[in-house]
Number of protein chains: 2
Amino acid sequence: MSSVAKKTAGTGAPEKGSTSQATAERIPAAQRRELILEAATGVFAERGYAGSTTDQVAKAAGISQPYVVRMFGTKEALFLEALDRAQGKLLRAFRNVIAAYDAGELAEELQHLDPAAGSGRPEQLKQLMAIAYADLVEDRGILMMLMQAFVSGHEPAIGARAREGFLDIYRLVRDEAGLSPDTARDFLAQGMLMNTLIGIRLPEVYEQDSTAEELLECTLRSKLPMVLKASKAQRRAG
Amino acid sequence: MSSVAKKTAGTGAPEKGSTSQATAERIPAAQRRELILEAATGVFAERGYAGSTTDQVAKAAGISQPYVVRMFGTKEALFLEALDRAQGKLLRAFRNVIAAYDAGELAEELQHLDPAAGSGRPEQLKQLMAIAYADLVEDRGILMMLMQAFVSGHEPAIGARAREGFLDIYRLVRDEAGLSPDTARDFLAQGMLMNTLIGIRLPEVYEQDSTAEELLECTLRSKLPMVLKASKAQRRAG
DNA sequence: CCTTTAAGTAATCATTCGATTACAACAATC
DNA sequence: GATTGTTGTAATCGAATGATTACTTAAAGG
């Protein structure tokens, strides 16, 4: 997805010799909004709310800083929207698993589950959702965006949203997947551990530290190779 | 420097008689250092690294902002020292439990453990350390200070230190308490969940939200009343 | 007393950052 | 082709913040 109509990189010279326009390609506001939210999710996930600047988001989205502010009003409003979006993606991922399971579409995946963990619907859904959660690590923005919100409870608006969002996830796992409170708690705890391991960038030292290797191995299991690959890609891009 | 300009304000203002004490009480630098670290832990725990200012730390410690900076050099150095201190307290708390257990000093506490969770040394130590961890919530600064470090992996110095610190804790739990990797992982996961619940200030809505009530109940168990009390105290302190 | 040292602050500086303003260019519509 | 709304930027402002400088003052030690 790149510019076709405009200059900048369109025809030959990226230099601004001719028309001194540094302006981005014009696209509808609704699409631009989504691009900004995508960029903001990455920036906020990386640096947290206070550690991010609207200019970093603007640069990541390929537009100017005033445009970001004008479109969302304030940095806080932008953060809240990005948070909602990330939470929505997580809830949708879980609901997709549940729906597919109940429709009997996961016969293949069921073969690879740990039989010792139980064969009831809640036990199997728990394992399947854990896999879906680990899949979200590939993006890395979504889970760390949530994590950053979870440690920003001192900001009144963000704290309130984070609380509600976390409880939404708990209720989904309990009511829609049917996990008992204790099982739901264990499920969430595993998720928070994964977030933490990603947050401290443990995959980056996987090869140099055997303790890190062991902990990552027993936390991510079959999803470890994918996470390691995503980590390396992230480092290149960073 | 002692020639002429020395007495600029010496003309009228040096009232030493009673009230207006613009300067803090003079105490040895080593003690002041500890006071600043204590204050910094609370501030960083609350607002994170980027969200905290050296002036907030100074105010919390009852001294001026330049003094904070001069004593630690940079905000980052201050954060790293506070982080070390918090991690040290956590490690010490766990080692105290292990030593007391091995010395047979915990006969009373053993009566209150869940027998269904197993009666071997690792199983009992896991439960005892979980209680010790929850006890640290009372301070609140220590655990959230660590949590804030865990989401600051993008800061090179902090990220490196956070990684090492987390692995130190894992090794302690595995090697000194004797937990298997899987059990150690589950233990850490519960800890990360507790941190998250504290981070989003879930205890503050305990009375208004039955979902929050259930989740807190099944995560903190016997330690819930203490955490609720600490939460209320924290709110009053603001 | 006087000199030295340690503890502490006021003032300020250079950046950074979120937000605002004013404007430019493109596109649709009449 | 003039009008009008949409998409976008440059310039800049005021407040906040980490750090520095220069100073003050309470003790400690002759």
Side-chain angles (χ1 to χ4, degrees), chain A residues 3-8 10 16 18-36 39-40 43-44 47-80 155, chain B residues 1-17 20-36 39-40 43-44 47-80 155 157:
Chain A
S3 62
V4 179
K6 263 321 202 173
K7 55 243 65 199
T8 356
K16 47 184 54 182
S18 54
T19 52
S20 62
Q21 301 285 31
T23 171
E25 187 189 2
R26 281 174 78 105
I27 62 176
Q31 286 176 38
R32 183 66 78 191
R33 198 179 179 80
E34 190 53 33
L35 290 177
I36 297 176
V43 172
F44 284 134
R47 321 182 76 97
Y49 174 63
S52 302
T53 72
T54 54
D55 193 55
Q56 288 165 343
V57 173
K59 291 268 188 0
I63 55 167
S64 68
Q65 181 261 349
Y67 199 16
V68 172
V69 173
R70 206 183 47 184
M71 184 162 276
F72 292 90
T74 65
K75 183 170 95 157
E76 184 181 74
L78 171 60
F79 186 90
L80 289 172
E155 295 270 347
Chain B
M1 70 174 192
S2 61
S3 58
V4 185
K6 184 74 180 290
K7 61 196 317 311
T8 56
T11 57
E15 73 294 273
K16 61 165 184 179
S20 109
Q21 179 177 340
T23 92
E25 186 191 1
R26 281 173 83 104
I27 63 177
Q31 286 177 37
R32 183 66 78 192
R33 199 181 179 80
E34 191 53 35
L35 290 178
I36 297 176
V43 173
F44 284 135
R47 323 181 74 97
Y49 173 62
S52 301
T53 72
T54 53
D55 193 55
Q56 288 166 344
V57 173
K59 291 272 191 352
I63 56 167
S64 69
Q65 181 261 349
Y67 198 17
V68 172
V69 173
R70 205 184 48 184
M71 184 164 274
F72 292 90
T74 64
K75 181 169 97 157
E76 185 181 73
L78 171 60
F79 186 90
L80 289 173
E155 296 269 348

Which pairs of donor and acceptor atoms, one on a side chain in residues 56-65 of chain A, lie under 3.5 Å apart (sequence neighbours left out)?
unit_1: A:Gln56; atom_1: OE1; unit_2: A:Thr53; atom_2: N; d: 3.0
unit_1: A:Lys59; atom_1: NZ; unit_2: A:Asp55; atom_2: OD2; d: 2.8
unit_1: A:Gln65; atom_1: NE2; unit_2: A:Thr54; atom_2: OG1; d: 3.1

The correct set of residues in residues 27-35 of chain B placing a heavy atom under 4.0 Å from DNA chain C is B:Ile27, B:Pro28, B:Ala29, B:Arg32
Among residues 53-67 of chain B, which ones have heavy-atom contacts with DNA chain C below 4.0 Å? B:Ile63, B:Ser64, B:Pro66, B:Tyr67
Any pair counted as salt bridge (Lys or Arg N to Asp or Glu O under 4.0 Å), so long as it reaches residues 60-75 of chain A, sequence neighbours left out: none
Return the set of residues passing side chain to side chain donor-acceptor pair (under 3.5 Å) with B:Arg33 (not counting sequence neighbours), or none when no residue passes. B:Glu81
Let me know the distance between CZ of B:Arg26 and C1' of C:dA7, rounded to the nearest Å. 4 Å
Please identify each residue that fulfils ring-ring contact (aromatic ring centres under 6.0 Å, His included) with A:Tyr49, with sequence neighbours left out. A:Phe79
DNA chain D contacts among residues 70-80 of chain A, heavy-atom distance under 4.0 Å: A:Arg70
Looking only at heavy atoms, which two atoms of A:Phe72 and A:Ala77 are closest? And how far apart? O-CB, 3.2 Å
In chain order, what residues pass the side chain to side chain donor-acceptor pair (under 3.5 Å) check against B:Glu76, with sequence neighbours excluded? none
Applying side-chain contact (heavy atoms from CB on, under 4.5 Å) to B:Ile27 and not counting sequence neighbours gives B:Glu25, B:Gln31, B:Arg32, B:Leu35
